[in-house]
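Here the structure comes first, spelled out in structure tokens, and everything after it is commentary.
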Amino acid sequence: MSDNKKPRSTHWADITADKIIRERGAKEHFTCASGITPSGTVHIGNFREIISVELVVRALREKGEKVRFIYSWDDYDVFRKVPKNMPQQELLETYLRKPIVVVPDVLGDQESYAAANEKDLEKLLPIVGVDPEYIYQAKRYRNSEYAEGIKTALIHKDDIRRQLDESRTTPLAAAWMPVSVFCTACDRDTTTVTGWDGDYGVSYSCECGHEETVDLRTTHAVKLPWRIDWPMRWKQEDVDFEPAGKDHHSEGGSFDTARKTSKEVYNHEPPVTFQYDFIRVKGRGGKISSSSGEVISLTDVLEIYQPEIVRYLFAGTRPNAEFAISFDLDVLKIYEDYDKCERTFFNKPETEKALKKWEKQARIYELSQVGAVPETMPYQIQIRHLCNLLQNYSGDIDGVVEYLGDVKPEQEGRLRQRALCAWNWIKDFAPEDFKFALRSEADGKVELDDKNTEAVRRLAIIVKEDMESMDEKEFGTKVYDMMKELELESAEFFIAVYQVLVSKEKGPRLISFLYTIGKDKVLSLLNLY
RNA sequence: GGGCCGUUAGCUCAGCUGGUAGAGCAGCAGACUCUUAAUCUGCGGGUCAAAGGUUCGAUUCCUUUACGGCUCACCA
């Protein structure tokens with residue numbers, strides 16, 4: 001705990017980092033942990049935990065601390081329910097009660113269902129700047145690496161029973177043992193522990209008829225139940241920080257009992273923690289709950305949001321606040337907010353008061369970056385404008401980049417990424433009103449009355465003569481003068497022109513739209529009349 | 001029943017290591033012969049849920065109450 005030269009940040013990640021240092025004291029390194037059971041697609045709500053830890057890890061490292069960031073795949077948990085959206089339900093049912101690490105991957109060719117879910121996320125995380133050390137619990141348990149931890153639980157089984165009973169409605173049975181066993185004959189946890197020799201020997205019998213005594217130091221069969229497993233691992237890895245969802249965080253919840261077990265049984269001070277809230281999803285056509293099988297994953301979010309913006313979403317919201325990830329028109333708003341934050345970052349104010357506000361925004365911007373903060377401001381293009389350009393070019397990103405012209409090489413990557421996201425959004429989520437496709441000469445003419453035909457012809461002349469030499473405003477005036485001359489209602493005129501250009505009655509603001517389409521293309525369409 | 005969180009302008013929310021409140025949207029006024037929530041300019045006296053307490057001073061800390069949400073008490 002040294003005096004900072006930098007002003008103290010009020011960002012939650014920094015505050016948490018400070019707290020960790022304060023409460024855990026000087027250490028050679030701090031261990032921050034996150035984890036999940038890969039019993040289904042890892043969804044965006046789960047991602048909140050990972051990114052929250054990552055942000056704290058980063059804050060700690062920026063304070064000069066060494067940090068070990070571990071991510072635990074709890075793939076030795078039981079397969080307790082077949083997800084509704086999975087194929088081969090009958091096959092999967094035969095694996096119930098077995099550890100998920102032995103359940104086959106019916107969707108792909110990974111070695112197991114658990115591995116498939118794990119790999120899906122692991123290949124995605126680096127994209128958003130998350131790079132933890134993965135720990136596979138099945139591997140640990142099967143290698144008997146937790147023999148001592150399990151033995152400790154057995155020695156203290158009465159203490160643990162008392163701790164758990166404090167928050168249970170029905171007390172644990174007298175014969176209860178703080179371990180569960182996967183039968184070595186059938187792989188299922190349909191077992192009853194029948195004895196413990198006070199040392200490493202555990203006996204059990206299984207519903208399948210199998211009975212045996214195993215040695216904790218050599219068996220792969222014995223596992224700790226969640227509420228004990230968690231504190232045991234805190235001890236094992238010397239965990240200093242681990243947040244948890246609100247379901248764990250109430251009195252009587254698993255964090256609560258784990259805290260007691262950690263202190264009293266494993267003699268380890270429970271980690272610093274905080275509670276994070278759930279994520280809602282907005283604008284994806286209603287059915288997005290996990291019960292219906294459809295789940296929003298990080299992949300889905302990355303198709304619409306640039307990696308920095310995904311981070312921004314989480315870095316800019318306090319973990320204990322619920323928020324929605326939107327796929328509707330809000331997407332545009334989020335992009336605009338991010339761009340504003342970015343402009344703020346590259347425009348540091350002078351006055352002290354303004355500086356205070358700036359610092360918060362700047363910190364959010366820093367934490368939103370996947371890697372280092374860019375030295376020059378990224379190419380800013382209004383998301384709406386980009387959407388229009390992309391539609392002009394039918395999604396041809398190369399064409400858009402070329403059209404823009406003034407993109408520096410170091411800016412091109414992000415721009416292309418943004419274009420890709422914008423195009424995905426247009427295709428999948430943009431409201432119909434927002435979408436358009438430019439007509440081409442091959443589409444032929446649309447029906448127009450004489451007056452509008454005349455107007456379109458006049459427009460063609462103005463475009464041909466003046467579009468390049470005038471700016472948008474001047475050119476606009478010219479167009480309006482023409483309308484006036486023909487005594488044409490502007491609304492009527494616009495409908496006609498949009499019909500000619502995009503076969504719709506509405507479109508992007510006309511004058512700038514004409515400029516983004518470009519003189520030649522505009523003329524090719526107008527000259528049909 | 002226990003716990004956690006919230007209650008700030010019409011709406012969505014910032015602000016909370018204490019010094020009498022801010023943004024976006026909406027609204028109102030004006031500008032623009034223009035539309036994909038159009039853009040620009042101007043306009044914010046709201047008992048910061050209520051009552052107590054600590055303090056020179058509280059939206060920000062403590063206690064109590066009300067309302068709302070979530071969660072635990074089976075497993076992970």
Side-chain angles (χ1 to χ4, degrees), chain A residues 7-10 12 14-15 18-19 22 35-40 74-81 97 99-100 137 164-172 180 189 223-230 244-258 274-278 316-324 328-330 332-334 336-337 340 353 356-357 360-361 364 382 384-385 387-388 391 426 430-436 472-473 475-485 487-491 493-495 497-498 502 504-514:
Chain A
R8 264 174 293 181
S9 162
T10 58
W12 60 264
D14 294 311
I15 289 172
D18 285 338
K19 189 175 177 194
R22 180 162 17 93
I36 194 202
T37 304
S39 60
D74 300 339
D75 50 9
Y76 212 42
D77 289 352
V78 191
F79 187 56
R80 42 202 0 265
K81 220 170 77 182
R97 304 300 294 270
I100 53 179
Q137 295 304 337
L164 296 182
D165 276 347
E166 276 176 29
S167 44
R168 290 176 64 96
T169 40
T170 52
L172 293 161
S180 61
D189 72 342
K223 179 182 181 303
L224 290 174
W226 166 245
R227 283 182 186 245
I228 308 164
D229 176 68
W230 207 7
K246 58 207 289 185
D247 47 339
H248 297 294
H249 257 289
S250 42
E251 192 163 300
S254 53
F255 197 97
D256 193 46
T257 59
F274 61 66
Q275 177 185 118
Y276 55 88
D277 208 322
F278 300 144
T317 314
R318 293 197 317 280
N320 66 356
E322 182 182 289
F323 75 98
D328 57 13
L329 235 23
D330 285 356
L332 302 180
K333 175 80 163 41
I334 301 292
E336 283 166 6
D337 286 350
K340 188 175 173 188
K353 196 178 175 191
K356 202 174 172 186
K357 266 188 164 175
K360 188 85 177 217
Q361 284 302 305
I364 290 172
Q382 275 189 27
R384 287 163 197 275
H385 185 218
C387 286
N388 288 340
Q391 294 186 85
I426 291 166
E432 282 310 311
D433 274 3
F434 198 90
K435 296 195 236 183
F436 65 83
E472 288 189 22
K473 195 170 177 183
F475 180 75
T477 310
K478 189 108 184 171
V479 173
Y480 297 120
D481 286 344
M482 179 272 286
M483 277 193 297
K484 213 168 169 182
E485 239 176 83
E487 293 182 331
L488 209 57
E489 287 294 324
S490 61
F493 173 72
F494 283 117
I495 289 172
V497 178
Y498 286 123
V502 295
K504 293 178 65 168
E505 298 195 346
K506 306 198 313 186
R509 302 186 51 165
L510 186 62
I511 302 305
S512 53
F513 188 40
L514 293 175

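Shown here are the side-chain contact (heavy atoms from CB on, under 4.5 Å) partners of A:Lys506, two or more places apart in sequence or in another chain: A:Asp433.
Side chain to side chain, A:Asp77 and A:Thr37 meet the donor-acceptor criterion of an N or O pair below 3.5 Å.
The phosphate of B:rA37 has neither OP1 nor OP2 within less than 4.0 Å of any side-chain N or O from A:Lys333.
The CZ atom of A:Phe274 sits 15 Å away from the C1' atom of B:rC5 (whole-angstrom rounding). With rounding to whole Å, A:Ile495 atom CD1 is found 15 Å from B:rC34 atom P. The distance from atom CG of A:Leu329 to atom P of B:rU12 is 19 Å, rounded to the nearest whole Å. When the C1' atom of B:rA37 is taken as reference, atom CG of A:Asp328 falls 11 Å away, rounded to whole Å. Between the CZ atom of A:Arg384 and the P atom of B:rU39 there is a distance of 7 Å, given to the nearest Å. Distance CG (A:Asn388) to P (B:rU35): 15 Å, rounded to an integer number of Å.
Looking only at side-chain heavy atoms (C-beta outward), A:Phe493 and A:Leu510 come within less than 4.5 Å of each other.
RNA chain B is contacted by both A:Thr477 and A:Asn320; A:Asn320 maps to the nucleotide lying nearer its 5′ end (nearest heavy atom per residue).
Ring-plane geometry between A:Phe255 and A:Trp230 is classed as perpendicular, the angle between the planes exceeding 60 degrees on a 0 to 90 degree scale with a lower cut at 30.
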5' to 3', nucleotides 68-76 of chain B under a 4.0 Å protein heavy-atom cut-off (B base, S sugar-phosphate only, - none) gives --SSSSSSB
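For B:rA14, the base has no donor-acceptor partner in the side chain of A:Arg318 [N/O atoms by modelled type, under 3.5 angstrom].
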Wobble G-U and Watson-Crick pairs count when both distances are under 3.5 Å; given that, what is the 5' to 3' dot-bracket string of RNA chain B, with | for pairing to other strands? ((((((((.[[[[.)......]]]].(((((.......))))).....(((((.......))))))))))))....
